[in-house]
Q: 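I am attaching a structure below and will ask some questions about it afterwards.
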Amino acid sequence: MTDAARPADANDRTVPDRPPVRSYLNGLACSMCGHEVEVDRLQNTCPSCNRVLTYRYDLDALREALPREALRARDATLWRYREVLPVRETRHIVSLGEGMTPLLPALGLGDLTGFRQLYVKEEGLNPTGSFKARGISVAVSRALELGATALGIPTAGNAGGALAAYAARAGLPCYVLMPEDTPLANKLECVLYGAHLYLVKGLINDCGRIVREGAAAGRWFDVSTLREPGRAEGKKTMGYEIAEQLGWELPDAIIYPTGGGTGIVGMWKAFDEMERLGWIGSRRPKMISVQAEGCAPIVQAFDAGERHAKLFQNAHTVASGLRVPVAIGDYLMLDAIRASGGTAITVRDDEFVAAMKVFARAEGISPAPEGAATMVALQKLRDSGFLKTDDRVVLFNTGAAWKYSELLDPGDPSTLDPADPHVLSRIEG
């Protein structure tokens, strides 16, 4: 039975009534050594060199079949780009409406910083409040299609909450391992969705070791960042969306808060795919990685001219999404940054925590500290002359501030009139 002929089913957990659009998926290969592996089997890293596997598509055939104008009539989710996503059958798509987030003109921040063409890609409006919904939607859909019976993930916070939600929607058990000092909201989110949550004394790389051991023992399929190839495919749709939202012209620079770095890797792949499809030209934005001063392995490697980053010792930052002391896709990030003429920069915790209020009050956007860090980086890059105020720049707010409620100081409340029976409390940050 085709997808179009499939009857409505009240128990169907996947996307309903979507017309059949086939994926042009045609391969899976190592991004380092080129080793090709079986595409329609659950896979993690390359069996030859243990590096990142990357999905491939028949873009020559797709170029003839799909003009970019055909996207206009499609749903406003990341699945509008179905042909370049690795899920073969529509019935396996597990969606909560993720993607196609607004690209908002940042007039308030522009006035504060002097930039006349400044935008914010507002990823906090994704399901579960962060950009992690993108990669997790694709990863869970593909894992379901390939027969996974349980999912496991190491997380700094947001990815765990996203997996818990999408696994619940798919009807799959999931196991989330996160550092014990992860923000409370992330822990509660996982429990709410019914995930098996384990807190670890250590950082995300320690959680990752446990997840890999569990996957090897057959307890679950590992959906770690860039160890599972579908997550980067979900993240690459941010690149497709920016191009489409800007009339198929890429910006001069993208400033992106970087932990595991899947977004930089994914968007860089998207730009290459779109050029091969004839949707954009060869011009690329400067890819700018922002990391916390207390955890900056990519910045250190960039400054040292290295292709691989060393484990960052004693990693610490209040922005849990930036507390990733080692990333398997380090070489892919660094390659993209250098090829684009971009850079990597650090910001201090006190700078980006203070910037959360500035960002929110200028734009009415709820910025996670990772998103606020991009504003601080923008100012530093302006002051150094790396960016010019007439550059068209996109800042990424990767999540919502409510995920970090412990960082939001309400100030001291005062009463309007203690004698009034209808007394109001007054709180100012």
Side-chain angles (χ1 to χ4, degrees), residues 44-45 50 52 128-136 139 151-164 167 174-190 195-216 219-228 231-232 235 256-265 289-301 308-330 332-333 346 349 368-370 373 398-399 403-404 406:
N44 280 128
T45 53
N50 200 37
V52 176
T128 72
S130 87
F131 66 158
K132 296 294 184 180
R134 291 178 181 270
I136 294 297
L151 307 172
I153 192 170
T155 179
N158 283 326
L163 181 65
C174 85
Y175 299 81
V176 177
L177 287 90
M178 64 172 58
E180 61 181 348
D181 60 351
T182 298
L184 179 61
N186 297 124
K187 300 172 186 175
L188 297 178
E189 188 177 30
C190 293
H196 302 280
L197 176 63
Y198 296 90
L199 302 181
V200 176
K201 293 183 183 295
L203 300 177
I204 189 173
N205 51 311
D206 301 300
C207 299
R209 174 182 51 78
I210 298 170
V211 169
R212 290 192 293 278
E213 291 172 355
R219 295 186 63 187
W220 49 63
F221 175 61
D222 181 358
V223 292
S224 301
T225 298
L226 290 174
R227 290 184 179 274
E228 183 286 323
R231 286 182 63 179
K235 287 285 189 67
Y256 190 85
T258 306
T262 318
I264 288 178
V265 173
S289 168
V290 183
Q291 296 198 298
E293 192 174 88
C295 184
I298 299 304
V299 177
Q300 281 192 347
H308 297 283
K310 298 181 176 65
L311 174 68
F312 196 93
Q313 299 297 327
N314 303 313
H316 61 280
T317 173
V318 296
S320 60
L322 300 180
R323 196 175 60 176
V324 181
V326 63
I328 188 174
D330 53 359
L332 295 172
M333 282 186 274
T346 62
D349 281 24
E370 295 90 347
T398 52
K403 294 294 191 86
Y404 289 92
E406 67 278 8

Q: Looking only at heavy atoms, what is the nearest atom pair of P325 and L203, with distance?
A: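 What the structure gives for the nearest pair is CG-CD1, 3.9 Å.
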Q: Rounded at 0.5 Å granularity, tell me how far CG in L151 sits from CZ in F221.
A: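 One gets 8.0 Å once the value is rounded to the nearest 0.5 Å.
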Q: Test V200 against M178 for side chain to side chain contact (heavy atoms under 4.5 Å, CB included), laying out the working first.
A: CA-CA 6 Å; V200 176; M178 64 172 58; over 6 Å; no
Q: If you look at every heavy atom in V223 and E228, which pair is closest and at what distance?
A: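 Residues V223 and E228, closest heavy atoms: CA-CB, 3.7 Å.
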Q: Test your reading of the model: is there a side-chain donor-acceptor pair from S130 to the backbone of T128, 3.5 Å cut-off?
A: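 Answer holds: no.
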Q: Can any side-chain N or O of N44 pair as donor or acceptor with the backbone N or O of R227 at less than 3.5 Å?
A: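 Flag set: sc N44 to bb R227 pair under 3.5 Å.
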Q: Is N158 reaching over with its side chain to a backbone N or O of K132, donor-acceptor style, under 3.5 angstrom?
A: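 Judged by distance alone, no pair lies under 3.5 Å.
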Q: Return the minimal non-hydrogen interatomic distance between A301 and H308, and the atom names on each side.
A: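 Minimum heavy-atom separation between A301 and H308: CB-O, 3.8 Å.
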Q: Side chain to side chain contact (heavy atoms under 4.5 Å, CB included) for L188 and L184? Distances and angles first, verdict last.
A: CA-CA 6 Å; L188 297 178; L184 179 61; 3.8 Å; yes
Q: CD1 of I298 to CG of D330: how many Å apart, nearest 0.5 Å?
A: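 Atom-to-atom, I298:CD1 and D330:CG are 5.5 Å apart.
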Q: Salt-bridged, D181 to R323, with N to O below 4.0 Å?
A: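 Between R323 and D181 there is a salt bridge, with a charged N closer than 4.0 Å to a carboxylate O.
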Q: Check whether any side-chain N or O of Y404 sits under 3.5 Å from a backbone N or O of S320 as a donor-acceptor pair, and report yes or no.
A: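 Yes; at least one donor-acceptor contact below 3.5 Å.
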Q: Quick one: side-chain contact (heavy atoms from CB on, under 4.5 Å) partners of L226, sequence neighbours excluded?
A: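 V52, A232, T262, V265, I328.
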Q: Report the distance from atom CG of L177 to atom CG of L197, rounding to the nearest 0.5 Å.
A: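 Here the interatomic distance stands at 8.0 Å.
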Q: Please evaluate residues S289 and I264 with respect to the criterion side chain to side chain contact (heavy atoms under 4.5 Å, CB included), reporting the C-alpha separation (whole Å), side-chain torsions for both, the decisive distance (0.1 Å), and the verdict.
A: CA-CA 8 Å; S289 168; I264 288 178; 4.0 Å; yes
Q: To the closest 0.5 Å, what do you measure between OG1 (T155) and CG (N186)?
A: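 Reported value, rounded in 0.5 Å steps: 7.0 Å.
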Q: Is the backbone of A216 close enough, under 3.5 Å, to the side chain of E213 for a donor and an acceptor to pair up by distance?
A: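 Judged by distance alone, no pair lies under 3.5 Å.
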Q: Regarding E189 and K403, does a basic nitrogen lie under 4.0 Å from an acidic carboxylate oxygen?
A: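 Salt bridge present between E189 and K403.
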Q: Measuring from atom CD1 of I210 to atom CG of D222, what distance do you get when rounded to the nearest 0.5 angstrom?
A: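 It is 12.0 Å, given to the nearest 0.5 Å.
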Q: Could you go through L311 and N205, starting from their C-alpha distance and side-chain angles, then the distance that decides it, and tell me whether this counts as side chain to side chain contact (heavy atoms under 4.5 Å, CB included)?
A: CA-CA 10 Å; L311 174 68; N205 51 311; 4.0 Å; yes
Q: Are side-chain heavy atoms of P183 and E406 found at a separation under 4.5 Å?
A: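 The answer is yes, as the side chains (C-beta and beyond) meet within the 4.5 Å cut-off.
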Q: Looking at W220 and V211, would you say the former's side chain and the latter's main chain have a donor-acceptor pair under 3.5 Å?
A: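 Side chain of W220 to backbone of V211, a donor-acceptor pair under 3.5 Å: yes, one is there.
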Q: If you look at every heavy atom in C174 and A164, which pair is closest and at what distance?
A: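 Reported closest heavy-atom pair: SG-CA, 3.7 Å.
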Q: Kindly give the heavy-atom pair with the smallest separation between L163 and G152, and that separation in Å.
A: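 Taking every non-hydrogen atom into account, CD2-C, 4.4 Å.
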Q: Can you name the closest pair of heavy atoms from A309 and P297 and give their distance?
A: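 Distance-wise, the nearest heavy atoms are CB-O, 3.5 Å.
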Q: Check the orientation of Y175 and H196. Use parallel for under 30°, tilted for 30 to 60°, and perpendicular for over 60°.
A: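 Correct class here is parallel.
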Q: Please list, chain by chain and in numerical order, all residues satisfying side-chain contact (heavy atoms from CB on, under 4.5 Å) with A319, sequence neighbours excluded.
A: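 In terms of side-chain contact (heavy atoms from CB on, under 4.5 Å), with neighbours along the sequence ignored, A319 is linked to T317, L322, F352, P369, E370.
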Q: Could you state the interatomic distance from NZ (K201) to CD (E180), rounded to the nearest 0.5 Å?
A: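 Going from the NZ atom of K201 to the CD atom of E180 covers 4.0 Å.
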Q: For the pair Q291 (side chain) and T258 (backbone), establish whether a donor and an acceptor sit closer than 3.5 Å, ignoring hydrogens and angles.
A: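 At least one qualifying donor-acceptor pair exists.
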